[in-house]
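Report on the structure given below.
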Amino acid sequence: MQYLSLISIICMILSISCRTREIADLVIINGKILTIDEDNPMVEAIAIKGEFIITTGKTSKVKGWIDEGKTEVIDAGGRLIIPGFNDAHVHFGPRDPDYIELRYITDPSIITEKVKVQVARSKPGELIRGGHWEHEMFTDKKWPTKELIDKVSPHNPVLLSRADGHSILVNSYILKISGITKETPNPFGGEIQRDPATGEPTGILKETAQNLIKTGEAKITRSAEEDSAKTWQGYLLAMKEARELGVTSLQNAGAADFEAYEKLQKEGQLTSRIDIGKPLTGDTTVLLKYRDVEKRYPKEGDWIRFGYLKAFSDGSMGSGTALMFEPYDDNPSTSGLAMWPYDELEKMVLTADKMGFQIGIHAIGDKANNWVLNIYEKAVEVNGRRDSRHRIEHSQTLRQSDIPRFSQLAVIPSMQPTHCISDKRFCEKRIGRERAIGAYAWQSLIDAGSILAFGTDYQVEPLNPMEGLYAAVTRKDRLGEEGEGWFPEQKITMEEAIKYYTLGSAYAQFMDNRKGMIKKGYLADIVIVDKDLLTIPESKIMKTKVDYTIVGGKVVYNSGK
Ligand SMILES: [Zn+2]
């Protein structure tokens, strides 16, 4: 004790800096650092201690925080550095190694082949699952039918979701067990697609018609340990994917298993922060239970947090179930489907808002968005204005008169740029050019004063943020079509796209005071990429890879380059 205090006395006499100089755990030098901090937009270096950034600035200055042997130093060699990506809308969970991946296929016969292979690996009666197909990507652009899979799966139930999850293809095995025939009426909010000639179900079930499904799957004798080992492996795979893509924060749209993420955290495997929500309800008993969950995973936390309450107001554009004011151009017999009667949705929002919850409602069609804005407006009238940061998930097709209402009501448009470049292939066919003007209207929303939150809707779209950045700045298909892009006046700059994918998303989860910028006092969630996104041609954006992912000051991924 005496010895230590003697040292400190000497320090005091010899040098002030001896007392005040901080040593960083990690220092990054020689970077081109886009901070997203308006007051200090570009710096060269960052010093980190523990989970937080302690300073930023020129390399020469920040080097002063290095203590040889104690501080880890990354020389970025001029590479671009940005805040970690924060995906504001994901459906995250364990990856299933048996899932049949059909994303981006153009030839429907691949469905037949892949199902055949998986059936051969399975026991009779075992459930075969897969999806992410989009009939708009098929060369014939036709909805797939049960005939594609029936002949290769006579003894197994098969479920293959469309990429948006709003429609599903099933085989005759499932139709039979579920008792779905040409006589079965469409349920409220759903459709059993039928062959126009025969009236027979085609195997496509839309929206709530999916609730009719009974798989009759055979119980596969796997021990509980085998089951949980498989799930655990699935979580590890999912986490690995996120960190390799530089996604340091995830906001789950809806419920997920809090305890699984706690286990990941305990075992040092949680490499992305995650918010987890619950389904919106107007039942106060349930809402009180949610409050208990929120106490355990509070908003003040930085890792596993209680998110927002989620509901659906309508379906999707791809499935022709988004709720529109006017009928669809390509199917004038429908203007989409409401998932809830208006009054019921309003009642739920008013109750949950009054209890202080944040709410996020899925709305794709112009009428659905109008409804949700009306309901949020009503919540302000009835319960008073507070910093509620209610969100509209997707905010996809908007009437011009509704665009300024987002910022007036402080409602966050939570949007997914890749939906634009996926859906633009059929959007005009479905709703016509006039209504498409208000679709994915990022620039109009920004001009009207909105703060956007960007995400992917993973697993509807891939988790890779580079696809979102590409979509936001080009509005072109993934092959890089000629021209200026689809409604080019709605394109935004790369800096803006990165901002909404980081700070914008942090704002949507009440974390903009500590996340989303590279700034002193902020959480050290940082990504180093291998190409300069700010200067490279469009064609290279989706080829950009992450070299380092840092979460809370820890390097969780290093490409080795
Ligand atoms: Zn979603």
Side-chain angles (χ1 to χ4, degrees), residues 85-95 99 103 131-134 161-168 189-190 206-208 210-211 238 241-242 245 247 249-257 272 274-280 307-323 336-340 345 358-365 368-369 371-372 389-398 411-423 427 439-440 442 452-465 467-468 471-472 500-501 504-505 508-509:
F85 290 104
N86 181 340
D87 195 317
H89 187 121
V90 286
H91 301 270
F92 207 73
R95 294 251 307 261
Y99 186 89
R103 198 185 295 284
H132 300 136
W133 57 266
E134 285 175 85
S161 291
R162 192 179 183 282
D164 61 6
H166 289 262
S167 299
I168 197 159
K206 297 186 183 181
E207 307 297 344
T208 60
Q210 298 182 39
N211 301 337
E241 183 181 11
L245 293 170
V247 181
S249 289
L250 299 157
Q251 299 177 42
N252 213 54
D257 184 353
S272 299
I274 187 161
D275 277 15
I276 298 170
K278 289 279 187 191
L280 177 65
Y308 61 89
L309 305 190
K310 167 92 190 288
F312 287 85
S313 66
D314 68 345
S316 80
M317 189 64 71
S319 293
T321 51
L323 185 66
L337 296 167
M339 294 296 113
W340 293 94
L345 188 61
Q358 186 188 19
I359 299 163
I361 299 179
H362 162 118
I364 306 277
N369 276 281
W371 275 17
V372 179
R389 301 194 199 182
H390 293 325
R391 319 159 41 134
I392 296 187
E393 300 306 312
H394 313 306
S395 313
Q396 202 162 292
T397 318
L398 305 173
V411 171
I412 294 162
S414 165
M415 301 178 81
Q416 302 74 35
T418 46
H419 279 335
C420 171
I421 61 167
S422 295
D423 289 9
C427 184
Y440 322 91
W442 308 312
L452 310 180
F454 272 171
T456 56
D457 207 3
Y458 173 82
Q459 299 178 8
V460 176
E461 300 275 356
L463 190 62
N464 186 357
E467 294 197 21
Y500 296 121
Y501 223 129
S505 296
Q509 58 171 171

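Counting convention: from 1, in listed order, for ligands and their atoms alike.
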For R95, the salt bridge (charged side-chain N to carboxylate O under 4.0 Å, His left out) test, sequence neighbours excluded, returns E241

Please tell me whether Q509 and D275 have a donor and an acceptor in their side chains that are separated by less than 3.5 angstrom.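 Side chains of Q509 and D275: pair found under 3.5 Å.
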
Among side-chain atoms of E393 and S414, is any donor-acceptor pair under 3.5 angstrom? yes

Centre-to-centre under 6.0 Å for H362 and H166, is that the case here?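 Yes - the distance between ring centres of H362 and H166 falls below the 6.0 Å cut-off.
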
The side-chain contact (heavy atoms from CB on, under 4.5 Å) partner of I361 among L345, D314, N369, I392 is L345

Give me the protein N, O or S atoms that fall under 2.8 Å of the Zn ion (ligand 1), sorted by chain and residue number.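 Less than 2.8 Å away from the Zn ion (ligand 1) sit H89 NE2, H91 NE2, D457 OD1.
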
Do you know which two heavy atoms are closest between M317 and I364, and how far apart they sit?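 M317 and I364 have their closest heavy atoms at N-CG2, 3.9 Å.
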
